[in-house]
Amino acid sequence: MSENVVHLHKPTDPPAGDTAPTVLTVVPDTPPAAPVPLWVRSGRAVKTAVTHETTKTTARAVARHGLYTFNGGRIVARRTWDGKTGARYERMIRTAEAAGNLEAAEEWEERLQRFRAARHHRRMDLLHSPVEAAKGIAVGTGVSIGVLVALGVVMAINNHDVTDVITPLRATIEFIALLIRIVQVVWGPALTIGPFLALLALWTVGSKQQAAPQWALPANVRSGEGEPITPSIVVKALRDLGVPALRNAIKEMGDAGASMLGPIRIAGCGVEVDVTLPSGVATNEVQAKRRKLAENLTRHEHEVFITIPEAARTVRLWIADSGALDEPIGPSPLVTDETMTANYKTGKAPWGQDLRGDAAAISLYQRHLLVTGLSNQGKTAALRALALWLALDRSVQFWIADLKGIGDWAPFDGIAEVLIEGPADNHCIQATEMAEDAVEEMNRRIEARRKDPSIVFPPLIVLVDEAQKAFMCPAKGEDGRPYGGAKATSRYFMAVREIHNQGRAVDVLMWQGTQDPTDQNLPKLVREGAHTRASLVVGTESQAEMALGAKAVNAGAAPHLLRQGLDKGTLVVASDGIAIPAGQASITVRTHFIDDEPAAEIAARAKALRDGVATLRAVDRGEERDALADVADVLGDAPRLRTNEVLKRLHALDPSTYGDQWTNDRLKSLLEEHGEEPKKSHGVMVVHRDHVLRALANRDAEGSASAAE
């Protein structure tokens with residue numbers, strides 16, 4: 001009789017097939033984890049308890065209140081010492097000497113001498129006061145007893161009782177005894193409670209002064225967003241600025257460094273203070289440390305502005321309330337007040353608000369204008385807001401070239417006598433010819449003025465938006481002269497220069513908007529010919545100087561420190577047409593944004609004031625359009641654009657041809673006819689410039705082949 005053998009381990013060569021015996025594998029249980037030592041568990045528990053937020057908050061509170069009491073005692077001791085000695089006067093003397101103000105030092109020294117003389121007189125009086133006090137007490141006691149006895153005599157006569165003579169004296173003695181008993185009862189508890197009351201008083205002084213390190217203060221008081229600006233905070237920020245001469249001078253001043261500061265004034269959504277720097281510290285040393293100063297004041301860099309007023313060795317700090325510059329400023333009066341009118345000669349355009357929160361209005365009378373900045377920061381909106389206001393003066397004429405060509409200036413159809421819209425070279429050529437026509441109009445007016453000095457001309461605003469395209473246009477005329485460029489042979493450059501030189505006298509004014517200024521797309525002679533220069537955010541300090549001039553930048557103008565994308569519509573303006581604080585070379589303006597729909601409504605009001613203007617468009621609408629060539633034109637230098645952006649530009653180029661019937665499908669069909677089609681990029685349908693140029697080349701090749709056949 002056979003038996004099945006069950007092996008308790010796997011054989012090295014187990015039989016194969018059905019004859020293989022059943023194998024039972026025994027897997028041992030997982031050994032229990034080694035117990036964590038007690039000291040490890042205790043350490044973890046202690047670490048958890050120590051690092052717990054509740055423990056941190058409790059420790060912070062204990063440290064805070066203890067330091068309030070300790071530092072409150074130091075403050076009281078310091079005040080007592082200052083009141084009893086001449087320490088305060090000596091600090092003031094050191095402060096005046098550190099600031100180089102010898103007259104103030106001499107004045108404080110005289111005050112110190114008077115204080116010492118008065119103190120000496122008081123101390124000499126103390127030598128005689130004990131004797132005089134004893135005499136006074138004896139005389140007072142005798143007089144008081146005499147008065148009480150006399151009062152007792154009166155009572156005895158009235159009551160016919162001789163014992164009443166001492167009644168007032170006895171009552172007085174009993175009252176004094178009562179006071180002594182009260183003092184005996186209260187004295188013990190007072191000795192116990194008195195120290196606690198004294199500590200409470202010291203704690204109160206320390207808490208009011210927040211006399212504790214920042215880490216110990218509560219979260220809502222700790223240095224950070226929204227900390228109020230006080231003299232001590234400004235002085236500490238200047239001391240820690242990293243300027244050795246300034247730091248040493250403030251240390252010599254003791255805690256009287258606030259004498260450098262003028263009054264801290266409320267200024268719009270922030271405060272303003274003038275700082276008179278000590279001898280040996282230059283204003284540009286503080287200007288160069290703007291970011292560090294802002295962080296020392298618990299502000300962001302864009303929330304602190306440093307300018308140079310007229311006073312020597314002085315910087316003016318404007319410090320915004322935390323986050324205030326990120327709040328919108330509200331709609332333009334042009335939108336909210338439908339009765340508003342304009343006057344070119346005497347009026348001022350409502351442009352926005354300055355940093356103080358006051359309305360910023362600018363005069364446009366006989367002033368050439370230049371607005372520059374990086375792309376998509378609000379340049380066109382800032383220019384258009386001024387033009388919309390001026391359009392409400394029916395006497396003003398407009399010639400406009402929009403070299404972006406996406407319809408931003410479409411509301412001026414019916415207001416402007418010339419309206420060029422498009423980014424292609426032929427639009428730049430037309431803008432150049434428009435500027436040259438303006439030169440001819442200027443010369444005609446000058447000649448008429450010579451014959452009749454009393455003649456008055458209607459203002460003519462020659463406006464070129466995206467003027468950098470005109471300066472960079474590579475096309476040449478039939479005479480070989482380039483339309484663009486920055487040389488004397490450049491047609492656009494020379495036309496602008498001539499208008500800058502003489503146009504103001506006969507009210508022919510040049511307004512230009514450019515982006516990302518360089519010496520190539522904004523020549524020096526052109527930018528310096530503008531009376532009003534305004535800059536949105538730019539990339540570098542050298543570009544800021546191109547936009548506003550070296551004088552304004554050296555005096556504190558800093559459009560290069562604005563935040564790209566966040567400070568849209570914020571302009572730094574250098575102009576005599578806008579109110580600028582005394583001693584400053586520029587002012588920062590947060591402009592009102594007027595959207596397309598409100599802009600159209602304002603333009604409609606302007607058209608209603610006029611007798612009707614026939615606007616000359618850039619292209620004759622009756623001619624047959626080459627759609628593929630137009631697509632290439634509106635793409636310009638962009639490597640690709642979204643299809644809806646291309647359609648928008650086509651509509652702005654010729655609304656009658658590229659109206660509602662032009663859709664994404666029709667654009668796609670146009671490209672597919674020539675072997676190309678729109679592609680998707682990041683999930684969005686786009687048109688590639690290379691594809692369009694290739695389609696043009698394919699079409700030309702097909703045309704050449706057909707002609708050959």
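Values below: every heavy atom of this structure, side chains too, minus hydrogens, waters and symmetry copies.
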Note to self: Please determine whether side chain to side chain contact (heavy atoms under 4.5 Å, CB included) holds for the pair L370 and L522, giving the CA-CA distance in whole Å, both sets of side-chain angles, and the decisive distance to 0.1 Å.
What the structure shows: CA-CA 10 Å; L370 172 65; L522 187 60; 4.0 Å; yes

Next item on the list: Show the numbers, then the answer: is there a salt bridge (charged side-chain N to carboxylate O under 4.0 Å, His left out) between R247 and D240?
Entry: CA-CA 7 Å; R247 180 180 62 250; D240 298 337; over 6 Å; no

Next item on the list: Just do the side-chain hydrogen bond (donor to acceptor under 3.5 Å, both in side chains) check on D507 and Y344 with the steps written out, would you?
Entry: CA-CA 10 Å; D507 290 305; Y344 162 74; 2.6 Å; yes

Item checked: CA sep, side-chain torsions, deciding dist, call: K379, E466, salt bridge (charged side-chain N to carboxylate O under 4.0 Å, His left out) -> CA-CA 9 Å; K379 167 180 50 61; E466 304 295 341; 2.9 Å; yes

Note to self: Show, in sequence, the C-alpha distance, side-chain angles and deciding distance for W409 and L463, and conclude whether the side chain to side chain contact (heavy atoms under 4.5 Å, CB included) test is met.
What the structure shows: CA-CA 11 Å; W409 294 93; L463 192 155; 3.6 Å; yes

Next item on the list: Tell me, with the steps shown, if Q543 and E541 meet side-chain hydrogen bond (donor to acceptor under 3.5 Å, both in side chains).
Entry: CA-CA 5 Å; Q543 287 183 310; E541 185 174 349; over 6 Å; no

Note to self: Run the side-chain hydrogen bond (donor to acceptor under 3.5 Å, both in side chains) test on E417 and W399 for me, step by step, so that the C-alpha distance in whole Å, both residues' side-chain angles and the decisive distance to 0.1 Å come before the verdict.
What the structure shows: CA-CA 6 Å; E417 296 180 357; W399 294 2; 3.3 Å; yes

Next item on the list: Before giving the answer on salt bridge (charged side-chain N to carboxylate O under 4.0 Å, His left out), spell out for K524 and E528 the whole-Å C-alpha distance, their side-chain angles and the decisive distance to 0.1 Å.
Entry: CA-CA 6 Å; K524 184 174 187 293; E528 291 186 350; 2.9 Å; yes

Next item on the list: Could you walk me through whether E285 and K289 pass salt bridge (charged side-chain N to carboxylate O under 4.0 Å, His left out), step by step?
Entry: CA-CA 7 Å; E285 291 182 274; K289 301 278 187 176; over 6 Å; no

Checklist line | Working for side chain to side chain contact (heavy atoms under 4.5 Å, CB included), residues T570 and V537 | finding: CA-CA 8 Å; T570 299; V537 57; over 6 Å; no

Check: V275 and T314: side chain to side chain contact (heavy atoms under 4.5 Å, CB included), yes or no, with the steps?
Finding: CA-CA 5 Å; V275 181; T314 300; 5.8 Å; no

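From E433, atom CD reaches atom CZ of R491 across 6.0 Å, with rounding to the nearest 0.5 Å. The OG1 atom of T588 lies 9.0 Å from the CG atom of L571; values are rounded to the nearest 0.5 Å. Atoms SG and CG, from C473 and N521 in turn, are 13.5 Å apart once rounded to the nearest 0.5 Å. Atom NZ of residue K476 and atom CD1 of residue I429 lie 13.0 Å apart, to the nearest 0.5 angstrom. H427 contributes atom NE2, which lies 12.5 Å from atom CE of M434 (distance to the nearest 0.5 angstrom). Summarising the geometry, atom NE2 belonging to H592 is positioned 8.5 Å from atom OG1 belonging to T336; distances are rounded to the nearest 0.5 Å.
Between I306 and V286, the closest heavy-atom pair is CD1-O, 3.8 Å. Of all heavy-atom pairs between Q353 and I329, the closest is NE2-O, 3.6 Å. Of all heavy-atom pairs spanning T489 and R481, the tightest one is O-NE, 3.1 Å. Annotation for L374 and Q515: closest pair C-CB, 4.4 Å, computed over non-hydrogen atoms. Of all the heavy atoms in L536 and P559, the pair that sits closest is O-CB, 3.4 Å. Between V335 and P598, the shortest heavy-atom contact is CG2-CB, 4.0 Å.
Between the side chains of T380 and D465, at least one donor N or O lies within less than 3.5 Å of an accepting N or O. Side-chain contact check for T372 and S535: no donor-acceptor pair (N or O, by modelled atom type) lies under 3.5 Å.
The aromatic rings of H368 and H500 sit tilted relative to each other, their planes meeting at an angle between 30° and 60°.
Not one N or O on the side chain of Q397 forms a donor-acceptor pair closer than 3.5 Å with the backbone of P458. Judged by distance alone, the side chain of R316 and the main-chain N or O of D274 form no donor-acceptor pair under 3.5 Å. A donor-acceptor pair under 3.5 Å links the side-chain atoms of R367 to the main chain of Y365, judged by distance alone. In this structure a side-chain-to-backbone donor-acceptor pair under 3.5 Å is present from N343 to T346. Looking at R384, its side chain does come within 3.5 Å of a backbone N or O of I594 through a donor-acceptor pair. Of the possible donor and acceptor atoms, none in the side chain of S586 sits under 3.5 Å from a partner among the backbone N and O of A574. Between the side chain of H560 and the main chain of S542, no donor-acceptor pair closer than 3.5 Å is present. Judged by distance alone, with hydrogens and angles left aside, the side-chain atoms of S363 form no donor-acceptor pair with the main-chain N or O of G577 at under 3.5 Å. At distances below 3.5 Å, not a single donor-acceptor pair connects side-chain atoms of W351 with backbone N or O atoms of R590. Formation of a donor-acceptor pair under 3.5 Å by the R533 side chain with backbone atoms of A547 is found in this model.
Taking the side chain as every heavy atom from C-beta outward, L635 and V631 approach each other to under 4.5 Å. Proximity of S395 to P459: side-chain heavy atoms (C-beta onward) are separated by under 4.5 Å at one or more points. Side chains of P423 and K404 form no contact here, defined as non-hydrogen atoms less than 4.5 Å apart. Residues V686 and L641 fail the side-chain proximity criterion, which asks for heavy atoms closer than 4.5 Å. With contacts defined as side-chain heavy-atom distances shorter than 4.5 Å, the pair F471/P523 qualifies. For the pair L383 and L369, the minimum side-chain heavy-atom distance is below 4.5 Å. Side chains of L364 and L386 form a contact here, defined as non-hydrogen atoms less than 4.5 Å apart. In this structure, T514 and V464 have side chains that are not in contact, with every pair of non-hydrogen atoms separated by 4.5 Å or more.
Environment of NZ in K348: crowded, with over 12 heavy atoms of neighbouring residues, nucleotides or ligands closer than 6.0 Å. The neighbour count for R265 CZ, taken as heavy atoms of other residues, nucleotides or ligands under 6.0 Å away, is above 12. Annotation: R642, atom CZ; neighbour count of heavy atoms from other residues, nucleotides and ligands within 6.0 Å does not exceed 12.
F305 carries R290 over the face of its six-membered ring, with the cationic atom under 6.0 Å from the centre and within 45° of the normal.
The pair E645-R649 meets the salt-bridge criterion, with a side-chain N (NZ, NE, NH1 or NH2) lying under 4.0 Å from an Asp/Glu carboxylate O.
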